[in-house]
Amino acid sequence: MLTNTQLAALFADIAGREDILGENAFKIRAYRNVAEIIDNFPRPMRDVWQAGALDGVPGIGKEIAKKIDELMRTGKLDYFERLRAKVPDGVAALLDVPDLGPKRVKLIWETLGVTDLDALEAAAQAGKLRDLPKMGEKTEQRILAGIASLRRRATGRVRLGDALPVARAIVEALRDVPGVAKIDYAGSLRRGRETIGDIDIVVATTEPATVGAAFRALPLVAEVLGAGPTKSSIRTTDNLQVDLRAVDPRHWGATLQYFTGSQAHNIRVRAIAQQQGLSLNEYGVTPEGGELIPFDTEEGLYARLGLAWIPPELREDRGEIEAAALGANRLPKLVTAKALRGDLQMHTTWSDGEVDVMGMAQAALALGYEYILITDHSRSLGIANGLTPERLIAQRAEIDRVNRDLGGRFRVLQGVECEVLSDGALDLPDEALAACDLVQASVHTSLSQARERITARALRAIGNPNVHILGHPSGRQINAREPADYDWEALFVGAAKARVALEINANPERLDLNDTHARRAAELGCLLTISTDAHSPAMLANMAYGVLTARRAWVTPDRVVNTWPLKKVLDWARERRTQ
DNA sequence: GCCGTTTTCGGCCCGACTGTTTTCAGTCG
C-alpha cells in the first residue's frame with residue numbers, strides 16, 4: 001500500500017540521485033515537480049491509478065505514469081533499484097547536509113570515497129575537504145557545522161503554531177527601526193502551511209544595513225548564518241532559521257509576492273510573465289530590452305500579468321492561477337475569522353478543561369462570539385474524567401444557569417465529545433445524546449485499525465442521527481502521530497449524505513482535517529466546522545490556525561456551520577435527528 | 001521528463017550570498 005507521501009518521497013529521491021549523477025536539470029525538475037504535486041494531491045494516487053486517470057494529472061506524463069503503474073502493481077520500481085545501485089543510499093543522504101549540493105556530493109564521493117555522513121564528518125575533521133577544487137578551510141568548517149545542524153534537528157520542519165509567534169515577535173521588534181516603512185513575514189508561514197521550514201521576513205526600507213544589523217542583534221539570535229547588504233540569515237535559540245530580506249519600498253509588492261511563494265506558484269507566475277514578453281524577479285517586471293517596472297503592491301503585480309490578487313493561502317499551484325485569470329475571476333470568497341459566530345468544541349472542568357463553563361463563556365464572549373458548544377469528553381475516556389449520563393444531566397443544569405446569568409447576550413450550547421468505540425458504537429446511550437443540543441463524535445483509540453475497519457467504524461458512528469460533527473477525523477498529531485488510514489472518499493461521501501459536519505480542528509498540533517482533505521471534503525459536498533478544542537480560555541485564540549487551514553482548502557463561509565446564525569445551527573441539528 | 005490558442009521540438013524562473021577565485025561555481029530559496 002503506497003501512500004502519496006511515500007510516492008512523493010520516492011520521486012524526490014530519484015531527483016536527488018540523478019542530480020548527483022549530473023543528469024539533465026529539467027528532467028530532475030520534472031521529478032521534483034511531480035513529487036510536490038503528489039505530496040499535495042487531495043486524493044490517494046492509488047485511486048487515480050485504479051481509475052486509469054493518471055494522464056489527467058498535470059505534471060505526470062507518460063514515463064512517470066508508467067513508473068507509478070509499476071509501483072502500484074509490484075510495490076517496486078526497477079528504474080529506482082538500478083539508480084540505487086549507481087548512487088548508494090548513504091551518498092544520496094548527504095544532500096541533506098546544508099551547504100552540500102549535488103556537485104560537491106559527487107566530488108567528495110568520487111575523489112574521497114565518502115559514502116555516508118560519518119565518513120563525511122571524519123573527512124572534514126581530518127582536513128581532507130579543503131584541498132578539493134573550489135573548496136577551502138571555510139567551506140570545510142561550514143560543512144561540519146551543517147552536519148551538526150542536521151543531527152540536531154528532528155524533522156527539519158516545525159509546526160505553524162511554533163513558528164508564527166516567533167515571526168510575529170521579530171516583526172514587532174524591527175517595526176520601529178529607523179527607515180523601516182513596511183515589514184511582514186512571508187513564505188510558507190504567510191501561506192499558513194501546517195509546518196514551516198524556515199521563517200522569511202521581508203522589509204521595505206531605505207536603510208537596509210540598519211535593519212539588517214538590528215535583526216542580527218536581536219536577543220533570540222543564537223548564530224548568524226549569513227550577512228549581506230540586503231539579506232541576513234540567523235538561527236534562533238529555538239533552532240529556527242530566519243531569513244531577512246530588505247528592499248526599497250518601491251519594490252515591496254513584488255518582493256512580498258516573490259518570497260511568499262510557493263515555488264510552484266512562482267514558477268507558474270513567471271511563465272505567464274514570460275509569455276507576455278516580461279521577465280519577473282523580486283523587484284518587478286522587465287519588458288525585453290526595457291526598464292524594470294517596480295510594484296509596491298502585490299495587487300499591482302498580479303494585475304499587470306492579467307491576474308486577480310490571489311490570497312496567500314491559495315498560492316500552491318493547485319488551480320488558483322487558472323481561477324485568478326481576469327475576466328473569468330473564479331477565485332473563491334474564502335472564509336475569514338470574522339465570519340465565525342461561534343466555536344463548537346471546547347472543554348471545561350467537567351472533564352479535562354482548566355476552567356468552568358462560565359469561564360469559557362466569558363472568554364468566548366470577549367472574542368465577539370455569539371455562541372459556543374461545550375464538548376466535554378464522554379465516560380470511556382476515563383483519563384480525562386469523561387462524563388457519564390448522570391453527570392451530563394448535572395452539567396446541563398450548570399449550562400442553563402450560565403445562560404440565565406449572561407442574560408440572552410450569548411448562548412452556551414451543551415454538547416459532548418462522545419467516544420467512538422472500537423466497533424463504531426457510541427459511548428453514551430441515545431437518550432443522553434438526544435438531550436444535547438449538538439453531539440460531536442471523536443475517535444481517540446485504536447487509531448491504527450485497518451482501513452476497512454476504521455472506515456466502517458466512523459461511518460457507523462455518523463450513521464447515528466444524534467451525531468452532528470465528526471471531530472478531528474484523522475487523529476493525527478503533527479510531527480508526533482500518523483493519521484488513521486481511512487478510505488477518505490467513502491467517509492466524505494457518507495458524511496455529505498448524512499449532512500454530518502467534519503471538523504477542522506484548529507489546535508496547531510492537529511489541524512485535522514488538513515488542507516487537502518478539507519478541500520476534497522468540501523468538493524464532495526460536506527459541511528465543516530472550524531473549532532479550537534480549547535482546554536483553556538487562552539486556547540480559544542488557536543482559531544486563527546484553523547481558519548488558515550480552511551482557507552488553504554478553498555473553503556467558503558456558507559459551508560462552515562459555525563459561520564451560521566444560531567437559529568440555523570439549531571435547525572440543522574433538529575433536521576439531522578428527524579432524517 | 002513534461003508540455004503546447006505560436007510549438008510534437010525546443011523550450012523549461014531568477015537573484016543573493018559565500019568562498020574561492022581574480023571572473024565565477026555552488027548552494028539556497
Side-chain angles (χ1 to χ4, degrees), chain A residues 11 14-16 18-20 22-37 54-68 79 94-108 129-143 145-146 186-189 191 196-202 208 212 224-234 241-247 251 254-255 257-286 292 305 317 325:
Chain A
F11 283 118
I14 290 176
E18 300 216 339
D19 216 351
I20 292 169
E23 297 284 339
N24 180 307
F26 296 109
K27 176 177 163 183
I28 292 162
R29 179 193 287 178
Y31 279 120
R32 292 229 161 86
N33 187 37
V34 88
E36 189 80 9
I37 287 164
L54 285 175
D55 58 355
V57 180
I60 298 182
K62 250 189 161 142
E63 294 302 314
I64 290 177
K66 267 202 298 204
K67 291 182 173 67
I68 293 174
Y79 181 85
L94 297 181
L95 288 173
D96 292 335
V97 178
D99 291 312
L100 263 195
K103 302 274 171 41
R104 284 175 181 160
V105 167
K106 182 165 197 261
L107 182 68
I108 291 166
L129 301 186
R130 64 183 68 175
D131 297 329
L132 297 172
K134 304 277 183 217
M135 295 185 64
E137 207 173 329
K138 281 188 176 173
T139 305
E140 195 172 72
Q141 289 307 312
R142 281 177 79 95
I143 288 170
S188 49
L189 202 52
R191 301 200 309 279
I196 304 298
D198 55 28
I199 295 174
D200 294 300
I201 309 274
V202 185
V224 175
L225 303 172
T230 65
K231 184 181 160 182
S232 293
S233 294
I234 60 106
Q241 184 174 330
V242 187
D243 297 338
L244 178 101
R245 182 65 177 274
V247 293
H251 302 302
T255 304
Q257 193 281 332
Y258 176 86
F259 285 103
T260 297
S262 66
Q263 195 182 20
H265 176 89
N266 281 358
I267 287 173
R268 289 288 311 279
V269 171
R270 274 159 193 248
I272 288 173
Q274 270 196 329
Q275 284 160 17
Q276 300 175 16
L278 302 168
S279 167
L280 172 62
N281 63 19
E282 61 259 54
Y283 304 110
V285 301
T286 311
L292 175 85
L305 299 175
D317 189 22

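Here is how names work: the chains are called A, B, and so on, in the same order as the sequence lines, proteins then strands, and each is numbered from 1. A quick note: this is a predicted structure, and the numbers were derived from the prediction, not measured.
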Rounded to whole angstrom, note down the [atom1] distance from [N] over to [M].
| N | M | atom1 | result |
| --- | --- | --- | --- |
| B/dA16 | B/dC12 | C1' | 22 Å |
| B/dC28 | B/dT22 | C1' | 24 Å |
| B/dC17 | B/dC13 | P | 23 Å |
| B/dG10 | B/dG15 | C1' | 25 Å |
| B/dG1 | B/dT5 | C1' | 24 Å |
| B/dT21 | B/dG26 | P | 12 Å |
| B/dT20 | B/dA25 | C1' | 9 Å |
| B/dC2 | B/dT8 | C1' | 12 Å |

Just name whichever nucleotide pairs with B/dT8, Watson-Crick or G-U, keeping both distances under 3.5 Å, else none.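 Paired with B/dT8, as far as the under-3.5 Å criterion goes, is no nucleotide at all.
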Within the structure shown, what part of the strands sits under 4.0 Å from [X] by heavy-atom distance: base, sugar-phosphate, or nothing?
| X | result |
| --- | --- |
| A/A227 | sugar-phosphate |
| A/P229 | sugar-phosphate |
| A/N24 | base |
| A/Q141 | nothing |
| A/N281 | sugar-phosphate |
| A/G261 | nothing |
| A/I28 | nothing |

Any side-chain N or O of [X] below 4.0 angstrom from OP1/OP2 of [N]?
| X | N | result |
| --- | --- | --- |
| A/Q274 | B/dC13 | no |
| A/R142 | B/dG19 | yes |
| A/S233 | B/dC17 | no |
| A/T255 | B/dG15 | no |
| A/T139 | B/dT20 | yes |
| A/K67 | B/dG1 | yes |

Between [X] ([atom1]) and [N] ([atom2]), how many Å, whole number?
| X | N | atom1 | atom2 | value |
| --- | --- | --- | --- | --- |
| A/Q275 | B/dT5 | CD | C1' | 10 Å |
| A/K62 | B/dC3 | NZ | P | 12 Å |
| A/Y31 | B/dG1 | OH | P | 4 Å |
| A/K103 | B/dC24 | NZ | C1' | 13 Å |
| A/I14 | B/dC2 | CD1 | C1' | 15 Å |
| A/R32 | B/dC28 | CZ | P | 10 Å |
| A/L100 | B/dA25 | CG | C1' | 15 Å |
| A/D243 | B/dC17 | CG | C1' | 11 Å |

Which of the following nucleotides, [options], is nearest to the side chain of [X]?
| X | options | value |
| --- | --- | --- |
| A/K138 | B/dG29, B/dA16, B/dT20 | B/dT20 |
| A/E63 | B/dC12, B/dG1, B/dA16 | B/dG1 |
| A/R29 | B/dC13, B/dG1, B/dC17 | B/dC13 |
| A/S279 | B/dC12, B/dC17, B/dC14 | B/dC14 |
| A/K134 | B/dT18, B/dA25, B/dG1 | B/dA25 |
| A/P58 | B/dC3, B/dG15, B/dG29 | B/dC3 |
| A/F26 | B/dC17, B/dC12, B/dG29 | B/dC12 |
| A/I64 | B/dC17, B/dC2, B/dG29 | B/dC2 |

A/N266 side, atom CG; A/Q257 side, atom CD - distance, nearest 0.5 Å: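 Atom-to-atom, A/N266:CG and A/Q257:CD are 5.0 Å apart.
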Can you measure from CD (A/E18) to NZ (A/K27) and round to the nearest 0.5 angstrom?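 Output value for this atom pair is 4.0 Å.
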Write down the atom of [X], the atom of [Y], and the distance for their closest heavy-atom approach.
| X | Y | answer |
| --- | --- | --- |
| A/P229 | A/P208 | O-CB, 3.7 Å |
| A/L305 | A/Q276 | O-NE2, 3.1 Å |
| A/N281 | A/R270 | CA-NH2, 3.5 Å |
| A/R268 | A/D317 | NH1-OD1, 2.9 Å |
| A/G197 | A/S188 | N-OG, 4.3 Å |

Between A/Y283 and A/Q263, which is nearer to the 5' end of DNA chain B once each is assigned its nearest nucleotide?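 Nearer the 5' end of the strand: A/Q263.
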Here's a test of your reading of the structure: between A/I267 and A/F259, which maps to the more 5' nucleotide of DNA chain B?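 This one resolves to A/I267.
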Single hit among A/Y258, A/F259, A/Y283 for ring-ring contact (aromatic ring centres under 6.0 Å, His included) with A/H251: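 The single option meeting the ring-ring contact (aromatic ring centres under 6.0 Å, His included) with A/H251 is A/Y283.
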